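Note sheet for the following structure.
Letters A, B, ... mirror the listed sequences (proteins, then strands); counts begin at 1. Fair warning: this is a prediction, and the values are worked out from it, not measured in the lab.
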Amino acid sequence: STVVLVFQAPISKLLHEGDSSQEFNFNVKCGDRIKVGEALGR
Amino acid sequence: GNSKGDSSYLLPGATVATILMLGALHARRMYDDKKIEKRQEKGIEVEFQPDVKASFMSFLPLRSISRCWGQLTSMEIPAWLRPHVYKAWARAFHSNLEEAALPLDKYTSLREFFVRALKEGSRPIDTDPQCLVSPVDGKILRFGELKGAGAMIEQVKGFSYPVFSLLGASSLLPTTAHGNVQEETSESIKPTEKSKKSWWRVSLASPKVWDPTSSCPKKGLFYCVIYLKPGDYNRIHSPADWNILVRRHFSGHLYPVNERATRTIRNLYIENERVVLEGVWQEGFMALAAVGATNIGSIELFIEPELQTNKPIKKSLNSEPPEERVYDCEGVGKVLKKGDELGAFNMG
């Protein structure tokens, strides 16, 4: 079986100094094994 | 007597020939799969290549096969035999029996064992408020950002399918005539009575026009496809704190969804039976599609126990629109915390 997750997330950096960038980034690679509760991205 | 003698020779001959032929086919298939695996290890992307077997699949009574499999795996196993059966299953499918919440002889059938819960603490949830967690155990097949016309998700290199077909004519992701989605996003939108049906719209229109002086960041639409093997932990958890507003059930087919099937069967994930949950999280729209397969035809929702999947289908499938239910408790739908259990895949 397969799960497909579709979600909205920020794609741009906040330009005001002092603000951390809000861009969403995956921290997985294709082929990785992952478990429930582990971060897909931040 | 003569003809009787001949026919008694004939039967074993034909049987042996059939077994040899099936064996040769299987050996050929294993050789092909090994070749594919070697190429993948070298980082060479496998391409979409429909074959005769894939088209042959559509003639098989897959749903009946799936339901028979479900009957078989629901049968009660004598208590003394259970540990042996489940250890054999674990060996065959590389399951981790240490994590099972109950002693093996407490699972009365293979189907019950398949949806086993895990011991407390087996799956710690990443508590970083900025992160999205995996809803299942499995293998990451594809992920990325949905851009441009049609918002296509790649099934395998050389073949993609539209996210709208996967999720359905979404009440939360309405499309324009050209198959794009439109945006009216603003940070301040809150679900009100009027806007409940279509209060989120997401734009994939490019080039993105964005006012750099605005304080709220631009939003994009992302996806991630995770494949569960039969031996994996099969419960589905919540990927974030979110409100589920709509549930959509597509009857569809029950093709296998293994690696070979994704490489040879066109539109696999939008043909197969699936349950789509749609809602909203802190960053906007979110949807989770649980796609079934021949051996795992049932999708159970703990948030809606009465939902029945993998039912015997009478009429042709494609014409049927998905059966939809709006979760409407006080207009905020079903509220789930990150890591909460929301459903499970099951056999048959």
Side-chain angles (χ1 to χ4, degrees), chain A, chain B residues 40 123-126 128 130-146 153 163 166-167 185 200 202 210 212 215 217-228 233-237 239-240 257 269 281 283-293 296 299 339 345:
Chain A
S1 37
T2 303
V3 162
V4 184
L5 196 56
V6 180
F7 56 94
Q8 243 188 318
I11 51 173
S12 58
K13 299 183 188 310
L14 281 178
L15 296 179
H16 312 308
E17 59 283 349
D19 277 315
S20 64
S21 85
Q22 284 225 347
E23 192 166 336
F24 179 83
N25 286 295
F26 282 98
N27 52 10
V28 290
K29 293 188 313 301
C30 286
D32 281 359
R33 294 283 310 165
I34 193 163
K35 292 191 173 180
V36 166
E38 291 176 351
L40 278 172
R42 297 179 199 279
Chain B
Q40 275 179 328
R123 293 290 180 276
I125 306 298
D126 188 318
D128 172 356
Q130 297 294 323
C131 91
L132 206 62
V133 298
S134 178
V136 291
D137 278 20
K139 178 178 167 186
I140 303 285
L141 290 188
R142 333 247 6 130
F143 64 90
E145 187 185 351
L146 288 167
I153 296 182
V163 70
L166 178 78
L167 303 181
T185 301
W200 270 105
V202 177
W210 172 52
S215 65
K218 195 90 185 106
K219 304 265 180 165
L221 207 57
F222 295 83
Y223 72 93
C224 184
V225 183
I226 306 173
Y227 168 67
L228 294 84
Y233 167 58
N234 278 285
R235 290 194 179 200
I236 307 168
H237 293 246
V257 292
Y269 300 129
W281 72 310
E283 300 297 346
F285 173 81
M286 176 175 274
L288 185 149
V291 185
I296 301 168
I299 299 153
F345 288 104

Working to the nearest 0.5 angstrom, can you tell me the gap between B:Glu145 CD and A:Phe26 CZ? 9.0 Å
Under 3.5 Å: donor-acceptor pair, side chain of B:Trp281, backbone of A:Gln8: yes
Non-hydrogen side-chain atoms of B:Leu288 and A:Val4 separated by less than 4.5 Å: no
Side chain, backbone, both or neither of B:Pro135 within contact of chain A (heavy atoms, under 4.5 Å): both
Of B:Ile153, B:Ile140, B:Leu141, the largest count of non-hydrogen pairs under 4.5 angstrom with chain A goes to B:Ile140
Could I get the full list of side-chain contact (heavy atoms from CB on, under 4.5 Å) partners for B:Asp128, not counting sequence neighbours? A:Arg42, B:Asp126, B:Gln130, B:Cys131
May I ask you to test the A:Ile11-B:Phe222 pair for a side-chain heavy-atom distance under 4.5 Å? yes
Decide yes or no for B:Tyr269 and A:Thr2: does some side-chain heavy atom of the first lie under 4.5 Å from some side-chain heavy atom of the second? yes
Just wondering, do A:Val36 and B:Ser134 contact through their side chains at under 4.5 Å, heavy atoms? no
Hey, which of B:Ala289, B:Gly339, B:Ala293, B:Gly292 has the most heavy atom pairs under 4.5 Å with chain A? B:Ala289
Please report the shortest heavy-atom distance between B:Asn234 and A:Ser1, naming the atom on each side. OD1-OG, 4.2 Å
Where on B:Ile299 is there a heavy atom nearer than 4.5 Å to chain A: the side chain, the backbone, both, or neither? neither
Flag the pair B:Asp137 / A:Ile34 as yes when at least one side-chain heavy-atom distance between them is below 4.5 Å, and no otherwise. no
A:Leu5 vs B:Leu132 side-chain heavy atoms within contact, under 4.5 Å: yes
Run the salt bridge (charged side-chain N to carboxylate O under 4.0 Å, His left out) test against A:Arg33 and tell me which residues pass, sequence neighbours left out. B:Asp232
Is there a side-chain contact between A:Val6 and B:Phe285, using heavy atoms and a 4.5 Å cut-off? yes
With the side chain counted from C-beta on, respond yes when B:Tyr227 and A:Val3 share a heavy-atom pair under 4.5 Å apart, and no when they do not. no
For the side chain of B:Glu283 and the backbone of A:Ala9, is there at least one donor-acceptor N/O pair under 3.5 Å apart? no
So which of B:Ile226, B:Leu166, B:Val257 has the biggest tally of heavy-atom pairs under 4.5 Å with chain A? B:Ile226
